[in-house]
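Just follow the structure's listing: the first ligand is 1, and inside any ligand the first atom is 1. Positions are given from 1, in the same order as the sequence printed here.
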Amino acid sequence: SDEYTMKIVCMGAGYVGGPTMAVIAENCPHLCARQIAKVCTKNTIVVEKSTVPVRTADAVRRVLNCNDKGLDFQVLSNPEFLAEGTAIDDLEKPSRVLIGGGEDEAGQAAIAKLVSVYQNWVPAEQIITTNLWSSELSKLVANAFLAQRVSSINSISALCEATGANVSEISRAIGSDPRIGPKFLQSSVGFGGSCFQKDILNLVYLCETFGLDECAEYWHQVIKMNDYQKERFTKNMVSKMFNTATGKKVAILGFAFKKDTGDTRETASAFVCRDLVQERANLHVYDPQVKREQMMVEFDYTLNLSTKTEPDLEKLITTSPSAYDACDGAHAIAVLTEWDEFKTLDYQRIYDSMAKPAFLFDGRNIIDHAALREIGFEVYAIGKPW
Ligand code: UGA
């Protein structure tokens, strides 16, 4: 409008989403705010898009309002809920749009302006308006709840393996209760990605800052359960392979943190590979989208986390051009990303090319286990009776 210029301010390294009229990306919100104040010539609505610590908007507003041009700045929080692999769909058909702003008249007017932009393609009833802090905190809480569901079902997967229950049957049984719902109940080798762990740690820090130690510990447990799930997977692999992986070729199918992306940040696959390398296994990794350089960067990061060094990394990790190459002569296969192509591989051909007994560890429960057993594989899957 004439009165206000609208800017989408990206604080951090997230996506640029939403109706971008001007984009200013900086790593530090305060520097970013100073830059906006410097270049603006009109009253401006500044919209936070990326995930930020709660009350960042307050800091940004204070910096902006120190401008010496007499301009009025309104700060809105409009977190994005795009997921990798479905970002465009999520943008075009969002489940909801969340806009937080000041509770005074000017704040409400700014909210109304951004609402009117979204109303061009999002039904009004899906646009939620809140105060600034609720909006900033909702972003963290949404990711924390999603991650919590994955950790919850993963904790049950361990119990299933111990008791003979089947985690997929449990997901179906509980997910058909509409109060629980079926999504994010897919048991796995562990959640990854750049958001879940970071956002939960942010939440934990926030709770601790306000002296809410029990709340902090509650959310921290979601991450601890995820770490346990990754470690448990590798330990099971080694134990089934007669308690040693030393010198054995292990095919790793999938390195990305989920299918349909080449992103490897915090991927469970890197943690499993790290632990197998430390057991002196020879890993042959295949991922349809991840290049060797990217894998090595992720390994470096993952190894650093454990303060262990691995001088033979280059030798112990081979990247394979196909799943068949990775599996050729292998003692075991670990399926760690749920790529569709892994469901339709010629497993008879793979079995014939492997050392025997041929182990397959399905960390995503995506392959037909009965058919694999029929071929002759020894199959171990997350949360399934063994
Ligand atoms: C997540 C949220 O889903 C988005 O809503 C949010 O906008 C985004 O973070 C963000 O903050 O930027 P994303 O990290 O792309 O999106 O991935 P998800 O689809 O949420 O999956 C995260 C991890 O959980 C993956 O490793 C996935 O394999 C795992 N997962 C997911 C399971 O193990 N089981 C499930 O049932 C679902």
* Going by distance alone, is a donor N or O of one side chain under 3.5 Å from an acceptor N or O of the other, for His369 and Asp362? -> yes
* Asked: Going by heavy atoms, is Arg364 under 4.0 Å from ligand 1?
  -> yes
* Asked: So, Tyr205 versus Phe210, ring centres under 6.0 angstrom or not?
  -> no
* Asked: So, Asn243 versus Ser239: side-chain donor-acceptor pair below 3.5 Å or not?
  -> no
* Asked: So, Glu136 versus Ser77: side-chain donor-acceptor pair below 3.5 Å or not?
  -> no
* Is ligand 1 under 4.0 Å from a heavy atom in the side chain of Thr267, in the backbone, in both, or in neither? -> neither
* For ligand 1, which atoms have a heavy atom of Gln186 less than 4.0 angstrom away? -> 32 (C), 33 (O), 34 (N), 35 (C), 36 (O)
* Asked: Within a radius of less than 6.0 Å around OH of Tyr228, do more than 12 heavy atoms belonging to other residues, nucleotides or ligands occur?
  -> no
* Please say whether Phe257 places an N or O atom under 3.5 Å from an N or O atom belonging to ligand 1. => yes
* Asked: When the ring centroid of Trp219 is compared with that of Phe145, is the distance short of 6.0 Å?
  -> yes
* **Ring-ring centroid check Phe377 Phe359, cutoff 6.0 Å** => no
* Quick one: which ligand 1 atoms are inside 4.0 Å of a heavy atom on Leu146? -> 3 (O)
* To do: For atom OH of Tyr218, decide whether the heavy atoms of other residues, nucleotides or ligands shown that lie under 6.0 angstrom number more than 12.
  => no
* Should you measure from each heavy atom of Glu80, which atoms of ligand 1 turn up under 4.0 Å away? -> 7 (O)
* **Any donor-acceptor N or O pair under 3.5 Å, side chains Arg232, Ser157** => yes
* To do: Evaluate whether atom CD of Glu125 has more than 12 neighbouring non-hydrogen atoms of other residues, nucleotides or ligands under 6.0 angstrom away.
  => yes
* Asked: Which of the numbered atoms in ligand 1 are below 4.0 angstrom from a heavy atom of Glu84?
  -> 15 (O)
* Structure fact -> Counting from 1 in the order shown, the ligand 1 atoms closer than 4.0 Å to a non-hydrogen atom of Phe81 are 4 (C), 5 (O), 7 (O)
* To do: Give a yes/no verdict on whether any heavy atom in Thr51 is under 4.0 Å from an atom of ligand 1.
  => no
* **Per-atom contacts of ligand 1 with Ser188, taking only distances under 4.0 Å to non-hydrogen atoms** => 32 (C), 33 (O)
* May I ask whether Gly193 places a heavy atom under 4.0 Å from ligand 1? => no
* Asked: Any N/O of Cys195 closer than 3.5 Å to an N/O of ligand 1?
  -> no
* Asked: Hey, looking at atom 22 (C) of ligand 1, which of Phe196, Phe184, Phe191 has the closest heavy atom?
  -> Phe196
* Asked: Heavy atom of Lys139 under 4.0 Å from ligand 1?
  -> yes
* **Ala83: numbered ligand 1 atoms lying under 4.0 Å from its heavy atoms** => 15 (O), 16 (O)
